[in-house]
Amino acid sequence: MLRMSTLLLRTLRDDPADAEVASHRLLVRAGYVRRVAAGVYSWLPLGYITFRNIERVVREEMDAAGFQEVHFPSLLPREPYEATNRWSEYGPDLFRLKDRKGNDYLLGPTHEEMFTLMVKGEFSSYKDLPLSIYQIQTKFRDEPRPRSGIIRGREFVMKDSYSFDLDDAGLEVSYQKHRDAYVKTFNRLHLNFNIVSAMSGAMGGSKSEEFLAPCPTGEDTYVLCNKCGFAANVEAMVTATQPYTGSAPAAMEIFDSPNTPTIDSLVDLYNKKFGESVSASATLKNVLVMVDDVATAILVPGDREVDLKRVGANLPGAKDVRLFEDEDFQNFPGLVKGYVGPQDAKKLGLKVYADPRVVIGSHWITGANAKDKHIRFVTHGRDFSVDGFVEAAEVKAGDACPECSTPVVIDRAIEIGHIFQLGRKYAEALGLSVLDQNGKSQVVTMGSYGIGVSRAVAAIAEQTHDEIGLNWPQEIAPADIHLVAAGKEDELYNFADKLGKDLETKGLRVLFDDRRDASPGVKFKDAELIGIPFIVIVGKSLADGKVEFRVRKSGDKSELSANNAAEEIFAAVRK
RNA sequence: CGGGGCGUAGCGUAGUGGCUAGCGCGCCUGCUUUGGGAGCAGGAGACCGGGAGUUCGAAUCUCCCCGCCCCGACCA
């Protein structure tokens, strides 16, 4: 039985000045965590019990799925990461250090290399596959900006799994097993979540899905269709398009457009000049970017912004996408800022990619590649062509669902899990292959699967808290019962002590507020802040043979007979 | 890395050139109190983030450095 009189716990009456989001504020105020450095936190007893409960659920579900637990060091030598090129690719996000002999080491940000090498060291036959192994391990990433308390730390605990299969069909099976295990895990954690399609991004690989816990303070934005259930990370959102059906316009026509460097000013001038009433969507915006040192124009309708993240994620092989800067314009003197058009792209030495909305046959008002001149009737396929289509425009609420055309909604969420099919990148780089049935060497294909364990503490806190405090699902809470002795008479404390022991005998976990020097008001506030699901109060009503039973989440209160309080509580709590 | 803000006791804060750095919470001692963050009395706890400078005098002004938070960039 945890006793408040001796627990290493001090709740805070005021919000800490450096905490903004609810989970951070409340976890600090309730005495679960303390900040040690930016993005680095210590766990106090209540917090660590909660953390371990989540860890236990994750471990049980991994084991139940038949995955084997292993454990790697956090301190790792440079060589394996050199072999996969990540020693340099990871850049400044990697915590690096040297040993006394001057050899390079790193603190593991993720462990693909180590898992791959472990399997390589032990297994060499197709008969050993499939295999899925996992660890629960502290990871280190020197994030450019840690934020939101333990939601994005520089040191955090992650469960990471890897699957090893001989072929793509096997990988698909392993992937589904992990997906199923994740659904079970997050359900047990009482997290509300969506599974969304994602881009596999920097890690390489193909199919990828994220588990997102919706929450206003989340840092991921995703798209959801309430009708058909389609869900996607904004990077992975696909634009629904229809072929152009109008008739071909007249030939291109240049017109004077003094002082119209912006879309709005252009639309104004155009409508006045030609007596029309077109909107920004009739204009074509040519956003100039550098894609890994290649000057590229991205074409989007004038009523849309370009989302560089989407461009980067959807241009195959693109590593770095950034906007043109002044010196880039100097390198391309033919480009007139604010008056760029795609019809001269070849001449200007530009690659051109179009958002899918710029369909073949559509015609546009766009820049004439001369100061104060625009051009109209510029037709895709007739007057200009593109090097390809790319998802480029920002996603907006109300865009059509690619599955069923219903307007989608946009929401924010915390990423609590990510699964993806890695493929053979790491197996190839590190030489992991096995002999198949024919005695031929085959490179193994891998999947990679992560759950943010420490982040899940914060995600659950975000989704379950209310104005007065935390509010844990029972399996995660640091105890089942928060037992409060409210009063000063010895009988109260003796009775409560006995009741606590009886509850423990029945298998319930009890946090007993046995502090003699705290007033009832303080104890009630603390109980609400700490967020254990059931609160039992032994107080003034004990004289009438009653104890009080409260449900933290609903606020429901009821009186139980003191005589068989343990039985009644047990029955109420086990539902 | 760009923009903004902050750094005074464990926590929250006041103090914009002048005496011994003030207050609330928390902590210690004593008495009182005990169903919604109690009261009284007495106490402990701060080289005011660090360094250099200006000044008779610096928490306060100047410069440099460090740390932290927020927005953006970036990111399982």
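Numbered from 1 within each chain, the chains take letters A, B, ... in sequence-line order. Below, all heavy atoms of this structure are taken into account, side chains as well, without hydrogens, waters or symmetry copies. Computed from a predicted structure; not experimentally measured.
The environment of CD in Gln68(A) is sparse: at most 12 heavy-atom neighbours from other residues, nucleotides or ligands sit within 6.0 Å.
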Show each protein N/O and nucleotides 5-7 of chain B N/O combination with a separation under 3.5 Å, one pair to a line.
none

Between protein and nucleotides 25-29 of chain B, what N or O pairs are separated by less than 3.5 Å?
from, atom 1, to, atom 2, distance (Å)
rC25(B), O3', Arg13(A), NH2, 3.2
rG26(B), OP1, Arg13(A), NH2, 3.4

Report, one pair per line, the protein and nucleotides 67-74 of chain B atoms (nitrogen or oxygen only) whose separation is under 3.5 Å.
from, atom 1, to, atom 2, distance (Å)
rC68(B), OP1, Ala38(A), N, 2.9
rC70(B), OP1, Ser148(A), N, 3.4
rC71(B), OP2, Arg145(A), NH1, 3.1
rC71(B), OP2, Arg145(A), NH2, 2.8
rC74(B), N4, Arg147(A), NH2, 3.1

So which protein nitrogen or oxygen atoms get under 3.5 Å of nucleotides 40-42 of chain B's nitrogens or oxygens?
none

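Rounded to whole Å, the P atom of rC28(B) lies 48 Å from the corresponding atom of rC56(B). Taking the C1' atom of each, rU60(B) and rU55(B) are spaced 13 Å apart, rounded to whole Å. Going from the P atom of rC75(B) to that of rU16(B) covers 45 Å, rounded to whole Å. To the nearest whole angstrom, the two P atoms, one in rA14(B) and one in rC61(B), are 15 Å apart. Taking atom P on both nucleotides, rA46(B) is separated from rU62(B) by 29 Å, rounded to a whole Å. Taking atom C1' in both rC27(B) and rA9(B), the straight-line distance is 11 Å, to the nearest Å. For rU34(B) and rG39(B), the P atoms lie 14 Å apart once the distance is rounded to whole Å. With P as the reference atom, rC19(B) and rA58(B) are 12 Å apart, rounded to whole Å.
Contact annotation: the side chain of Lys159(A) never approaches that of Glu61(A) to less than 4.5 Å [non-hydrogen atoms, C-beta and beyond]. For the pair Val238(A) and Glu391(A), the minimum side-chain heavy-atom distance is below 4.5 Å. At least one side-chain heavy atom of Pro214(A) sits under 4.5 Å from a side-chain heavy atom of Tyr222(A).
If you take OH of Tyr90(A) and C1' of rA76(B), they are 7 Å apart, rounded to a whole angstrom. We find that CG of Leu212(A) is positioned 12 Å from C1' of rA76(B), with the value rounded to whole Å. The distance from atom CG of Leu542(A) to atom P of rU34(B) is 17 Å, rounded to the nearest whole Å. Residue Asp526(A) contributes atom CG, which lies 12 Å from atom C1' of rG36(B) at whole-angstrom precision. Here rC75(B) presents its P atom at 12 Å from CD of Glu415(A), a figure rounded to the nearest Å. To the nearest angstrom, C1' of rC31(B) lies 13 Å from NZ of Lys488(A). Atom CZ in Arg25(A) sits roughly 18 Å away from atom P in rC11(B) (whole-Å rounding). Glu489(A) places its CD atom 12 Å from the C1' atom of rG35(B), with the value rounded to the nearest Å.
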Give the C-alpha distance, both sets of side-chain angles, the deciding distance and a yes or no for side-chain contact (heavy atoms from CB on, under 4.5 Å) between Asp514(A) and Met4(A). CA-CA 6 Å; Asp514(A) 58 342; Met4(A) 294 274 278; 4.2 Å; yes

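Heavy atoms of Gly452(A) sit under 4.0 angstrom from at least one base atom. Note on Phe156(A): a base of the nucleic acid sits closer than 4.0 angstrom, heavy atoms only. Residue-level contact check: Gly539(A) touches the bases, meaning some heavy atom is under 4.0 Å from a base atom. Residue Glu235(A) is out of contact with every strand shown, counting any heavy-atom pair closer than 4.0 Å. In this structure, Glu548(A) reaches the bases: a heavy-atom distance under 4.0 Å links it to at least one base atom across the strands shown.
Residues forming a salt bridge (charged side-chain N to carboxylate O under 4.0 Å, His left out) with Arg96(A) (at least two apart in sequence, or on another chain): none. Checked against side-chain hydrogen bond (donor to acceptor under 3.5 Å, both in side chains), Thr6(A) has no partners two or more places apart in sequence or in another chain.
Residues Thr445(A) and Asp165(A) bring no donor and acceptor atom of their side chains to less than 3.5 Å of each other. There is no side-chain donor-acceptor pair under 3.5 Å between Arg515(A) and Tyr493(A). Judged purely by distance below 3.5 Å, without hydrogens or angles, the side chains of Tyr175(A) and Ser163(A) never pair a donor atom with an acceptor atom. Glu112(A) and Thr110(A) form a side-chain donor-acceptor contact under 3.5 Å, judged by distance and modelled atom types alone.
Mapping Gly521(A) and Asp15(A) onto RNA chain B by nearest heavy atom places Asp15(A) at the nucleotide closer to the 5' end. Residue order along RNA chain B, read from the 5' end via each residue's closest nucleotide, puts Ala518(A) first among Arg455(A) and Ala518(A).
Phe329(A) and Phe324(A) have perpendicular rings, their planes meeting at more than 60° on a 0 to 90° scale where under 30° would count as parallel.
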Bracket notation of RNA chain B in which parentheses pair within the strand, [ ] cross earlier pairs, and | pairs with another strand (Watson-Crick or G-U, under 3.5 Å): ((((((((.[[[[.)..(...]]]].((((((.....)))))).....[[[[[..)....]]]]])))))))....

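For the atom pair NZ of Lys139(A) and CD of Gln137(A), the computed distance is 6.0 Å after rounding to the nearest 0.5 Å.
Residues from residues 287-295 of chain A placing a heavy atom under 4.0 Å of any atom in RNA chain B do not occur.
Within the structure, the ring-ring contact (aromatic ring centres under 6.0 Å, His included) test picks out the following pairs touching residues 132-164 of chain A (sequence neighbours left out): Phe115(A)-Tyr162(A). Among residue pairs with one or both ends in residues 455-465 of chain A, those qualifying as side chain to side chain donor-acceptor pair (under 3.5 Å) are Ser23(A)-Glu462(A), Thr217(A)-Glu462(A); sequence neighbours excluded.
Taking 4.0 angstrom as the limit, Ser519(A) places a side-chain polar atom (N or O) nearer than this to OP1 or OP2 of rA38(B).
Here Tyr90(A) and Tyr81(A) keep their ring centres 6.0 angstrom or further from each other.
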Compile the donor-acceptor pairs under 3.5 Å between side chains in residues 37-48 of chain A and protein atoms, sequence neighbours left out, one pair per line.
from, atom 1, to, atom 2, distance (Å)
Tyr41(A), OH, His24(A), NE2, 3.1

For residues 145-153 of chain A, tabulate all N or O donor-acceptor pairs below 3.5 Å that involve a side-chain atom, not counting sequence neighbours.
from, atom 1, to, atom 2, distance (Å)
Arg152(A), NE, Glu219(A), OE1, 3.4
Arg152(A), NE, Glu219(A), OE2, 3.0
Arg152(A), NH1, Glu143(A), OE1, 3.1
Arg152(A), NH1, Glu143(A), OE2, 2.9
Arg152(A), NH2, Glu219(A), OE2, 3.1

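The heavy-atom pair separating Val547(A) from Ala565(A) by the smallest distance is CG2-CB, 3.9 Å.
When each of Val289(A), Val311(A), Leu315(A) is paired with Tyr353(A), the side chain to side chain contact (heavy atoms under 4.5 Å, CB included) condition holds for Leu315(A) and for no other.
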